[in-house]
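The block underneath contains the structure these notes are about, expressed in structure tokens.
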Amino acid sequence: MNDKDRRSMPLFGIGIVMKLTELTARQIRYYEENDLIHPERTKGNQRLFSFNDVDRLLEIKNYLDKGLNLAGIKLLLTDEDSNVEKTEEKEKALPKEKKSVLTDKELRAILRQEITEANRFGKANLRQGELARFFVNR
DNA sequence: TTTCTTACA
DNA sequence: TGTAAGAA
């Protein structure tokens, strides 16, 4: 078994994850409702989180502190898992004339950097609304 | 005891 | 987001 499998293995109950992330059960469930995380379930319908899920919750927590809302965070995290390959394939499939200057992946990387930077000054400039628009209108 | 869903001050 | 209620 490799690391990739290990990280995605459903292992922790919500109680453990609460301690690990310092998030309330309410918050964790709410983030799931908004498709930011997709923990597995036991036969008894109990949530089971993987290392990846925990890391993701930690990232979500960080972005929240930086002033982003769930919609914005979702845009930034959506391609970081299974979708990343798809996105790259899709971009490769495009005829080079129609390729945008920046790939989705690069765009998100830049955005992450901007947010981190804005955070140094005072997270007042780059806000959620702008972030969402940035993606929708690109 | 812990977690789940649903609903609401 | 917190919290309550009833079920699992």
Side-chain angles (χ1 to χ4, degrees):
Chain A
M1 179 177 303
N2 56 49
D3 276 29
K4 187 176 178 184
D5 295 324
R6 257 182 275 278
R7 282 194 302 278
S8 59
M9 198 179 310
L11 300 171
F12 325 108
I14 199 167
I16 294 173
V17 177
M18 287 174 68
K19 293 176 182 172
L20 249 30
T21 62
E22 294 183 86
L23 289 169
T24 65
R26 176 77 163 90
Q27 290 177 299
I28 296 170
R29 294 178 184 130
Y30 186 63
Y31 302 155
E32 179 186 20
E33 248 185 74
N34 286 273
D35 295 309
L36 275 82
I37 53 172
H38 313 96
E40 311 242 324
R41 297 287 180 132
T42 65
K43 298 201 171 185
N45 197 38
Q46 308 259 115
R47 271 166 266 252
L48 274 190
F49 303 79
S50 66
F51 280 113
N52 277 160
D53 292 324
V54 174
D55 286 340
R56 209 160 158 102
L57 284 169
L58 258 15
E59 288 188 76
I60 293 171
K61 208 184 162 192
N62 275 319
Y63 286 128
L64 246 25
D65 286 335
K66 296 181 181 186
L68 294 181
N69 61 15
L70 295 190
I73 295 172
K74 191 196 294 193
L75 288 171
L76 278 137
L77 296 179
T78 295
D79 278 353
E80 287 191 345
D81 47 301
S82 59
N83 289 330
V84 70
E85 293 97 3
K86 275 190 178 179
T87 302
E88 285 174 348
E89 280 175 31
K90 210 189 296 174
E91 281 162 350
K92 269 185 197 168
L94 286 174
K96 55 188 173 186
E97 316 81 59
K98 293 208 166 187
K99 269 185 186 171
S100 48
V101 184
L102 298 175
T103 64
D104 267 25
K105 199 178 176 184
E106 292 168 329
L107 221 37
R108 286 168 213 283
I110 291 172
L111 219 32
R112 262 188 283 279
Q113 210 229 69
E114 281 187 35
I115 292 168
T116 302
E117 213 166 277
N119 192 47
R120 291 207 193 87
F121 296 98
K123 69 176 183 183
N125 309 333
L126 191 64
R127 260 344 186 140
Q128 28 205 41
E130 286 181 66
L131 179 63
R133 249 175 283 127
F134 185 85
F135 276 111
V136 176
N137 299 324
R138 87 192 129 88

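Values below: every heavy atom of this structure, side chains too, minus hydrogens, waters and symmetry copies. Residue numbering restarts at 1 for every chain, and letters A, B, ... go by the order of the sequence lines.
At whole-Å resolution of the value, CD1 in I28(A) and C1' in dC4(B) are 14 Å apart. Distance, K61(A) NZ to dT1(C) P: 11 Å, rounded to whole Å. What separates NZ of K43(A) from C1' of dC4(B) is a distance of 19 Å, to the nearest Å. Protein atom CG of L70(A) is 12 Å distant from nucleotide atom C1' of dT1(C), rounded to whole Å. The CG-P distance, from L23(A) to dG2(C), rounds to 10 Å in whole Å. Between the P atom of dT2(B) and the CD1 atom of I16(A) lies a distance of 12 Å, rounded to the nearest Å. Distance, R41(A) CZ to dA8(C) P: 16 Å, rounded to whole Å. Regarding I14(A), its CD1 atom lies at a distance of 15 Å from the C1' atom of dT1(B), rounded to whole Å.
Distance check, rounded to the nearest 0.5 Å: CZ of F49(A) to NE2 of H38(A) gives 12.0 Å.
Taking only side-chain nitrogens and oxygens, Y31(A) comes nearer than 4.0 Å to OP1 or OP2 of dT1(C). For the pair R47(A) and dT3(B), the criterion of a side-chain N or O lying under 4.0 Å from OP1 or OP2 is not met.
If E33(A) and G15(A) are placed on DNA chain B by their nearest nucleotide, the residue sitting closer to the 5' end is G15(A). Projected onto DNA chain B by closest heavy-atom contact, R26(A) and N45(A) fall at different nucleotides, the more 5' of which corresponds to N45(A).
Listed candidates were dT3(B), dT5(B), dT1(C). Nearest to the side chain of Q27(A) is dT1(C).
Here the closest heavy-atom approach between residue S50(A) and residue F12(A) is recorded as C-CE1, 3.9 Å.
The main-chain N or O of Y30(A) is found under 3.5 Å from a side-chain atom of N34(A) such that the two form a donor-acceptor pair.
Applying the Watson-Crick and G-U wobble criteria (two distances, each under 3.5 Å), dA9(B) pairs with nothing in any strand.
The shortest side-chain heavy-atom distance between I37(A) and I28(A) falls under the 4.5 Å cut-off. In this structure, K61(A) and Q27(A) have side chains that are not in contact, with every pair of non-hydrogen atoms separated by 4.5 Å or more.
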